[in-house]
Amino acid sequence: MSADEQQRYQAQLDEKVDRLSALLSPFNAPKTSVYPSQPTHYRMRAEFRVWHEGDDLFHIMFDQETKEKYRVDSFPPACKTINDAMEKLLNEIRPNEILRKKLFQIDYLSALSGELVISLLYHRQLDDEWEAAAKSLKSTLETHFPKVNIIGRARKQKRIIDNDFVIERLPVKGNEFVFKHIENSFTQPNAEVNCKMIEWALDCVKPLSGDLLEMYCGAGNFSLPLALHFDNVVGTEIAKPSVQAAQFNIEQNRLHNVKIVRLAAEEFTQAMKGKRTFSRLEGIDLSEYNFTTVLVDPPRAGLDEDSLRMIQDYDNIVYISCNPETLAQNLELLSETHDVAQSALFDQFPFTHHIEAGVLLTRKG
Ligand SMILES: C[S@@+](CC[C@H](N)C(=O)[O-])C[C@H]1O[C@@H](n2cnc3c(N)ncnc32)[C@H](O)[C@@H]1O
């Protein structure tokens, strides 16, 4: 990257730090710790439209302002594996009528492990001939990459060769954690910054003990590494594929103190308050746990008011947020009972205005 781009990256990061600090200043937050990203090759996912021109075809994107399409032969935000795959994939598809016909989109999901899922989206139904061609494509690509899975999608159709996931291996404080990341499910896009985020959360909970309660836990991105620190972890998550991936991840990492339940945050709050019972909580007696700490990592909308009031029952709250505006709104209530003890900015999305933030809240003395 040129010195000019490096300067542009730093200037935008400084602006993000100022914006987050301003949002957190009404809550007397201490100085924000900043975790920068690599300015290029940081994304583990990328999606492109496909443009056909005679016998040729290439990846395209659309300019957000002018809406004009532009050709994309390489994509610096995406990791090196995806960039390598972009060229190799099109070289295979271009001369192959079966793979090329009515292909309109290509999605890539990769991992630090080098594994890939490539989803090919079509405006036509996919038959056995397509499947045979896709199998042969997979074999060719596997001479370059450790593992490649191909998914063919069309209206009401999904053909999977051989899996719809990658196996990621994340280094966290000297330990390696294995994660199944499923295509079309939530995973943190910037793997290296994600590791910094998990390590920050681990540092936050270092002086704490007891059990951890987690809401919006996905496939266990935080639950699993934090399980090494707490006696028990109970995580809740709404999306079925993520819960299934979390169960797989618990087993793969040989953890015996983590339970993941498929419940919406709002449902779990009702269960904690004794307002409703759920068969999905069978075998888990929530009153037996010694929850000292809660970790939440909600979608952009933040937490609903009932869940906010429920988490106020716990002494320590680790709040990870992809939207600092809703974080600040939620802090208005949480700061009635808790102080902001730490704050951090994780630059998951370089060269965009998006901010990923974390705060540690501790009960007021
Ligand atoms: C920002 S992601 C965080 C996931 C996970 N902590 C991670 O780091 O990969 C938010 C998660 O909340 C889940 N989610 C969205 N709405 C929810 C709700 N109402 N109740 C519970 N989980 C929800 C999504 O499926 C997603 O997995």
Side-chain angles (χ1 to χ4, degrees), residues 35 43-45 109 111-112 165-170 172 177-202 204-205 212-227 230 233-250 253 258-273 276 278 280-281 293-311 317-327 330 344 346-349 354-359:
Y35 296 86
R43 273 188 76 86
M44 298 292 133
R45 305 196 287 251
L109 170 66
L112 295 178
F165 58 82
V166 290
I167 296 296
E168 176 58 294
R169 296 175 184 280
L170 292 184
V172 178
F177 289 88
V178 178
F179 286 98
K180 181 193 269 191
H181 284 173
I182 304 177
E183 177 251 5
N184 262 350
S185 284
F186 181 88
T187 48
Q188 301 287 353
N190 186 328
E192 283 174 11
V193 172
N194 182 34
C195 291
K196 293 179 192 167
M197 214 157 73
I198 301 169
E199 289 180 344
W200 175 83
L202 273 166
C204 284
V205 302
L212 171 73
L213 174 62
E214 195 187 340
M215 285 153 87
Y216 314 93
C217 70
N221 182 54
F222 291 99
S223 340
L224 274 51
L226 267 66
F230 287 97
V233 177
V234 175
T236 65
E237 160 64 44
I238 198 170
K240 204 172 184 176
S242 296
V243 172
Q244 284 168 349
Q247 311 291 12
F248 173 92
N249 296 336
I250 291 168
N253 293 283
V258 188
K259 288 204 161 71
I260 307 285
V261 190
R262 185 168 64 84
L263 281 176
E266 300 76 3
E267 292 175 325
F268 184 68
T269 296
Q270 291 172 327
M272 286 301 271
K273 291 285 178 196
R276 262 178 87 181
F278 292 90
R280 282 166 280 163
L281 273 169
T293 307
V294 57
L295 187 149
V296 293
D297 181 10
R300 292 187 62 74
L303 268 72
D304 65 285
E305 191 173 330
D306 287 346
S307 300
L308 275 178
R309 293 197 186 280
M310 189 273 283
I311 67 171
I317 303 169
V318 182
Y319 191 140
I320 307 285
S321 164
C322 56
N323 183 351
E325 269 84 24
T326 54
L327 169 65
N330 287 175
F346 311 102
D347 200 19
Q348 283 260 6
F349 313 100
H354 291 292
I355 292 176
E356 182 88 17
V359 292

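Model, not experiment: these values are computed from the prediction. Note that ligands are numbered from 1 as they come in the structure, with each ligand's atoms numbered from 1 the same way.
The shortest heavy-atom contact between Ala191 and Met44 is CB-CG, 3.8 Å.
Note: His354 and Phe349 have perpendicular aromatic rings, judged against thresholds of 30 and 60 degrees for the angle between ring planes.
A cation-pi arrangement is absent between Lys196 and Tyr35, since the terminal nitrogen or guanidinium carbon is not both under 6.0 Å from the aromatic centre and inside a 45° cone about the axis.
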Please tabulate, one pair per line, all N/O donor-acceptor pairs under 3.5 Å involving side-chain atoms of residues 264-271, not counting sequence neighbours.
unit_1	atom_1	unit_2	atom_2	d
Glu267	OE1	Ala264	N	2.9
Thr269	OG1	Ala265	O	3.0
Thr269	OG1	Ser307	OG	2.9
Gln270	OE1	Arg276	NH1	3.1

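Side-chain contact between Val294 and Glu214 is absent, with no heavy atoms from C-beta onward closer than 4.5 Å.
Summarising the geometry, atom CZ belonging to Arg45 is positioned 11.0 Å from atom CD belonging to Glu183; distances are rounded to the nearest 0.5 Å.
Enumerated by chain and number, the residues approaching ligand 1 to less than 4.0 Å through a heavy atom are Phe186, Gln188, Tyr216, Cys217, Gly218, Asn221, Phe222, Glu237, Ile238, Ala239, Leu263, Ala264, Ala265, Glu266, Asp297, Pro298, Pro299.
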